[in-house]
Amino acid sequence: MPIGNKIIKLKTVDSTNEYIKNNCLSHEEGLTVVADRQTNGKGRLGRGWESDDESSLYMSILLKPRVNAQSIPLITLMCGLAVCRAINSVCNADAKIKWPNDIIIGNKKLCGILCESKINDTGTSVIAGIGININNKSFCDSIKDKACSLYSVTNTVYDKKDVMRCVLDELDKLYVDFDQGDMSFLKEYKALCASLGRQVTFIRDGQNVTAEAVDIDDTGSLICIKDGNKYTVFHGEAAVQGIY
Ligand code: BT5
């Protein structure tokens, strides 16, 4: 597959996701946009992504998946697995996944993923945005207690290009099967998922419920159990206890 065959490099941009949405939707899938800095890096649900530090990697990839609509949310999980594989092969850092979209080392956040979809007459486009802290030596006050970088964990400086290439290669391998409807990557995802076996808090019928996360289903939802009751938690909000 062609993921990362064409790369647009920018010095500064508001958000690499926005750049693709506004300028590149007609490009072939696999197009990757990478920036040194973002002035308005985006997280999920209106949150922000700290993007001032050129030591981090900020990139977005355009995908045009042929899978059915209910499999689209799995792209976030697939990207998480690609990053996790890449980090563990670049530096053997024991990266894990906090469901659904964070890559963590220990209990700190190394990477966040924001996937956004656009539907038009020619099908669905997904913009997969990935931010990875690579050589950051410090973080601003708002995230300093919960963020980490490859440098802060391993005391080694990495070439951002090498990390990027490794993530794109892993994503390319996973996407070939995913795009043909083969979701078997979920087995590996679950093995790397630090949320399973932990207590998770979410809102159900207006009440906070705390239950044990026991599995991830074929749509990527988290399955939780409390007092024999089963809850399916969607990609909204779930706080995983013990990890920031
Ligand atoms: C995410 O959202 O984790 C998705 C982040 C996606 C960023 C990439 S960068 C390239 C592309 N272009 C964009 O504009 N975005 C994507 P969420 O799960 O909502 O987490 C956001 C929270 O993570 C914030 O509220 C902070 O608490 C924390 N955070 C912000 N910046 C961080 C950083 N650099 N490192 C670790 N944690 C951070």
Side-chain angles (χ1 to χ4, degrees), residues 4 7-24 31-63 73 75-80 82-84 87 93 95-118 125-153 160 163-164 167-168 171 193-195 200 202 220 222 233-240 243-244:
I7 299 180
I8 297 176
K9 295 179 186 151
L10 305 169
K11 283 236 91 50
T12 302
V13 68
D14 53 350
S15 149
T16 51
N17 272 34
E18 288 299 312
Y19 186 90
I20 291 193
K21 271 196 275 178
N22 295 331
N23 305 293
C24 309
L31 171 78
T32 300
V33 173
V34 59
D36 288 340
R37 286 176 69 248
Q38 298 183 119
T39 53
N40 191 20
K42 299 195 310 171
R44 295 177 308 149
L45 307 167
R47 292 186 288 248
W49 186 253
E50 294 296 335
S51 303
D52 228 10
D53 191 334
E54 298 194 6
S55 323
S56 288
L57 178 62
Y58 312 106
M59 68 172 171
S60 300
I61 303 133
L62 174 65
L63 301 172
I75 292 177
T76 300
L77 281 67
M78 182 185 59
C79 290
V83 173
C84 203
I87 296 305
K96 295 245 159 60
I97 305 164
K98 180 181 170 229
W99 179 88
N101 70 321
D102 290 355
I103 305 304
I104 57 172
I105 298 179
N107 59 5
K108 294 196 166 174
K109 182 160 173 170
L110 177 82
C111 160
I113 295 167
L114 171 67
C115 289
E116 299 180 277
S117 304
K118 280 264 161 197
S125 295
V126 174
I127 300 102
I130 300 176
I132 310 178
N133 302 322
I134 311 271
N135 294 318
N136 313 57
K137 297 210 159 80
S138 60
F139 293 98
C140 62
D141 282 352
S142 61
I143 57 168
K144 71 175 184 330
D145 295 331
K146 67 178 199 177
C148 68
S149 67
L150 287 185
Y151 178 82
S152 74
V153 173
K160 285 200 291 180
V163 181
M164 178 171 88
V167 172
L168 293 173
L171 192 56
C193 182
S195 310
V200 170
F202 50 91
L222 196 62
V233 182
F234 299 102
H235 287 215
E237 275 303 56
V240 181
I243 313 177
Y244 52 83

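What's counted below: heavy atoms across the whole structure, side chains too, no hydrogens, waters or symmetry copies. Counting starts at 1 for both ligands and their atoms, following the listed order.
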Ligand 1 to G41, heavy atom cutoff 4.0 Å, flagged ligand atoms 14 (O)
Any nitrogen or oxygen of N40 lying under 3.5 Å from a nitrogen or oxygen in ligand 1? Just yes or no.
no
Got the closest protein heavy atom to atom 23 (O) of ligand 1, with its distance?
K109 NZ, 3.4 Å
Ligand 1 contacted by K146 (non-hydrogen, < 4.0 Å):
yes
Please state whether S51 comes within less than 4.0 angstrom of ligand 1, counting heavy atoms only.
no
Which ligand 1 atoms, with their elements, are less than 4.0 angstrom from a heavy-atom of S60?
11 (C)
Near G48 (heavy-atom distance under 4.0 Å), the atoms of ligand 1 are 21 (C), 24 (C), 30 (C)
Part of I113 within contact of ligand 1 (heavy atoms, under 4.0 Å)
backbone
Any donor-acceptor pair under 3.5 Å linking the side chain of W99 with the backbone of G220?
yes
Out of V33, N101, N136, who gets a non-hydrogen atom closest to atom 1 (C) of ligand 1?
N101
Kindly confirm or rule out an N or O of R44 lying under 3.5 angstrom from an N or O of ligand 1.
yes
Strictly by modelled atom types, are S56 and N136 linked by a side-chain donor-acceptor pair under 3.5 Å?
yes
As a quick check of understanding, evaluate side-chain contact (heavy atoms from CB on, under 4.5 Å) for V33 and V13, giving each step before the final call.
CA-CA 10 Å; V33 173; V13 68; 5.9 Å; no
List every atom of ligand 1 that sits less than 4.0 Å from any heavy atom of T16, numbering the atoms from 1 in the order shown and giving each element.
10 (C), 11 (C), 12 (N)
Closest non-hydrogen protein atom to atom 12 (N) of ligand 1, residue and atom name please, with distance?
Q38 OE1, 2.9 Å
Determine, step by step, whether N133 and F139 satisfy the side-chain contact (heavy atoms from CB on, under 4.5 Å) criterion, reporting the C-alpha distance in whole Å, the side-chain angles of both residues, the deciding distance to 0.1 Å, and the verdict.
CA-CA 10 Å; N133 302 322; F139 293 98; 3.7 Å; yes
When distances are taken from atom 19 (O) of ligand 1, the protein heavy atom at minimum range is R47 NE, 2.7 Å
Around atom 8 (C) of ligand 1, find the nearest protein heavy atom and jot down its residue, atom name and distance.
G131 N, 3.6 Å
Just go through Y58, F139, W49 and tell me whose heavy atom is the nearest to atom 32 (C) of ligand 1.
W49
Residue pair S60 / N17, side-chain donor-acceptor N/O under 3.5 Å:
yes
Distance filter under 4.0 Å to N17 heavy atoms, resulting ligand 1 atoms:
11 (C), 12 (N)
Which ligand 1 atoms does A147 reach within 4.0 Å, using its non-hydrogen atoms?
35 (N), 36 (C)
Hey, is K42 touching ligand 1 through its side chain, its backbone, both or neither, going by heavy atoms under 4.0 Å?
both
Quick check on N133 - does any of its heavy atoms sit under 4.0 Å from an atom of ligand 1?
yes
State the atoms of ligand 1, each with its element, that fall below the 4.0 Å cut-off from a heavy-atom position in E50.
30 (C), 31 (N), 34 (N)
